[in-house]
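No experiment lies behind these values; they were computed from the predicted model shown. If you read the sequence from its start, that first residue is 1, and numbering goes on from there.
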Amino acid sequence: MSADSPLAGALQDAPEPPGVSIVIPAYNEESVIRQCLIAAIYQSVPADEIIVVDNMSTDRTARIVRQMQQEYPESPIILLRQDVAQGLIPTRNHGLNSATGDVVGRIDADSVLEPDWVEQVQKAFTDDSVAAATGPVVYYDMPMRRFGLKADDKMRQLMLRLAKHQYHFLFGSNMALRRTAWETIRDETCLDEKDEMHEDIDLSLHLFEHDLKVQYVPQMVSGMSARRLEDSPRDYRYYVQRFDRTYKAHNVKKMALKAPMVVFFSVYFPAKLLRAIHTANSAQGVRRGGL
């Protein structure tokens with residue numbers, strides 16, 4: 001192919017894909033951090049950096065990350081420590097502020113990214129109007145995973161319609177934002193010292209206040225644990241009511257936005273039962289395999 005051919009010219013004119021950093025806040029996550037990092041490493045397009053921010057863990061979280069740095073020396077795993085304050089938000093902020101990629105992905109320590117996640121994030125951000133993006137999740141420790149993924153996708157699409165596409169909410173287990181967008185809102189985001197709000201919804205509302213576009217991307221898929229279902233009914237109710245407290249902090253009064261609360265409340269007991277059956281069956285399968 002000559003340098004003067006139309007195809008060569010098109011390739012030269014194609015925009016450079018944005019570099020992607022992945023930030024993982026972690027506190028006492030020794031049981032899940034390894035699988036999270038392995039999924040982040042084995043991507044069809046590698047991330048520029050994979051940043052684990054350890055928030056004063058008292059277990060083996062940091063040690064496991066250091067072991068993986070030695071096992072995968074070619075992978076850009078970075079271990080940071082945030083020991084100024086206990087909490088997700090200051091830990092998240094430290095990671096986002098430290099990231100150098102054009103786009104900063106933010107996932108949880110129990111997230112397991114699909115192998116093309118970084119690639120899908122890059123595709124989403126080739127649109128210069130997109131300031132942040134989020135996608136659906138598949139619950140890897142629940143039965144009927146693919147059905148669960150479709151249900152999660154449908155629920156998030158429903159939330160968009162109910163909000164009349166005015167509010168597009170990020171999901172903390174599976175989100176990314178342009179570094180320039182984070183720099184715009186980082187001094188305004190709520191610190192939530194009392195731990196009463198949804199920090200991802202708070203980010204979304206601050207982006208909305210600056211007219212920064214959040215895009216829902218169905219192809220941007222992450223796995224996550226359904227371990228929230230292990231909470232007591234009282235603790236689970238407090239978790240779900242974080243939606244309402246976050247809306248009130250931003251003086252958002254759209255009644256349709258309470259729909260996720262209704263959905264989360266309604267699925268708690270049947271989902272908890274399904275998870276218990278699945279866990280018992282899995283344990284039984286492991287015991288049989290060991291005989």
Which pair of non-hydrogen atoms, one from [X] and one from [Y], has the smallest distance, and what is that distance?
{"X": "Ala226", "Y": "Asp141", "answer": "N-OD1, 2.8 Å"}
{"X": "His206", "Y": "Ile185", "answer": "O-CG2, 3.9 Å"}
{"X": "Glu196", "Y": "Arg242", "answer": "O-CG, 3.3 Å"}
{"X": "Gln35", "Y": "Tyr140", "answer": "NE2-OH, 3.0 Å"}
{"X": "Met197", "Y": "Asp192", "answer": "N-OD2, 3.0 Å"}
{"X": "Pro25", "Y": "Arg92", "answer": "CG-CA, 4.1 Å"}

Is a donor on one side and an acceptor on the other found under 3.5 Å between the side chain of [X] and the backbone of [Y]?
{"X": "Gln43", "Y": "Val118", "result": "yes"}
{"X": "Ser204", "Y": "Leu170", "result": "yes"}
{"X": "Asp102", "Y": "Gly19", "result": "yes"}
{"X": "Gln82", "Y": "Asn55", "result": "no"}
{"X": "Asp200", "Y": "Phe169", "result": "no"}
{"X": "Asp59", "Y": "Glu30", "result": "yes"}
{"X": "Gln122", "Y": "Val20", "result": "no"}

Answer whether the closest heavy-atom distance between the side chains of [X] and [Y] falls below 4.5 Å.
{"X": "His250", "Y": "Asp202", "answer": "yes"}
{"X": "His94", "Y": "Val84", "answer": "no"}
{"X": "Asp48", "Y": "Thr100", "answer": "no"}
{"X": "Trp182", "Y": "Thr189", "answer": "yes"}
{"X": "Ser98", "Y": "Leu80", "answer": "yes"}
{"X": "Arg186", "Y": "Leu96", "answer": "no"}
{"X": "Tyr216", "Y": "Pro136", "answer": "yes"}

(request) Dump the intermediate steps for side chain to side chain donor-acceptor pair (under 3.5 Å) on Thr61 and Glu29, then the final yes or no. (result) CA-CA 6 Å; Thr61 297; Glu29 298 288 4; over 6 Å; no
(message) Under a 3.5 Å threshold, yes or no: a donor from one side chain and an acceptor from the other, between Ser222 and Asn174?
(response)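 Per modelled atom types, Ser222 and Asn174 side chains form no pair under 3.5 Å.
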More than 12 foreign heavy atoms under 6.0 Å from [atom1] of [X]: is that the case here?
{"X": "Arg81", "atom1": "CZ", "result": "yes"}
{"X": "Tyr42", "atom1": "OH", "result": "no"}
{"X": "Asp127", "atom1": "CG", "result": "yes"}

Rounded to the nearest 0.5 Å, how far apart are [atom1] of [X] and [atom2] of [Y]?
{"X": "Asp54", "Y": "Ile24", "atom1": "CG", "atom2": "CD1", "result": "12.0 Å"}
{"X": "Leu88", "Y": "Asp195", "atom1": "CG", "atom2": "CG", "result": "8.0 Å"}
{"X": "Ser44", "Y": "Glu114", "atom1": "OG", "atom2": "CD", "result": "11.0 Å"}
{"X": "Cys36", "Y": "Ile64", "atom1": "SG", "atom2": "CD1", "result": "12.0 Å"}
{"X": "Glu188", "Y": "Glu209", "atom1": "CD", "atom2": "CD", "result": "7.0 Å"}
{"X": "Ser57", "Y": "Asp83", "atom1": "OG", "atom2": "CG", "result": "11.5 Å"}

Treat each ILVMFWY residue as a node, draw an edge where side-chain heavy atoms are under 4.5 Å apart, and state whether [X] and [Y] are in one component.
{"X": "Ile51", "Y": "Tyr27", "result": "no"}
{"X": "Ile78", "Y": "Ile33", "result": "no"}
{"X": "Ile107", "Y": "Val121", "result": "yes"}
{"X": "Val23", "Y": "Met220", "result": "no"}
{"X": "Tyr247", "Y": "Leu207", "result": "no"}

(request) Cation-pi check, Arg228 to Tyr268: give yes when NZ or CZ is under 6.0 Å from the six-membered ring centre and within 45° of the ring axis, no otherwise. (result)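 Here Arg228 fails the 6.0 Å and 45° test against Tyr268.
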(request) For Lys123 and Val217, run side chain to side chain contact (heavy atoms under 4.5 Å, CB included): C-alpha distance rounded to whole Å, both residues' side-chain angles, the deciding distance at 0.1 Å, then the answer. (result) CA-CA 10 Å; Lys123 288 179 180 178; Val217 183; over 6 Å; no
(message) Do the side chains of Asp231 and Arg237 get close enough for a salt bridge, i.e. N-O under 4.0 angstrom?
(response)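 A salt bridge is absent here (no side-chain N lies under 4.0 Å from a carboxylate O).
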(message) I'd like to know if Asp108 and Arg106 make a salt bridge, using a cut-off of under 4.0 Å between side-chain N and carboxylate O.
(response)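 Arg106 and Asp108: salt-bridged.
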(request) Scan for side chain to side chain donor-acceptor pair (under 3.5 Å) pairs involving residues 65-76, sequence neighbours excluded, and state none if there are none. (result)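 Qualifying pairs: Arg34-Glu71.
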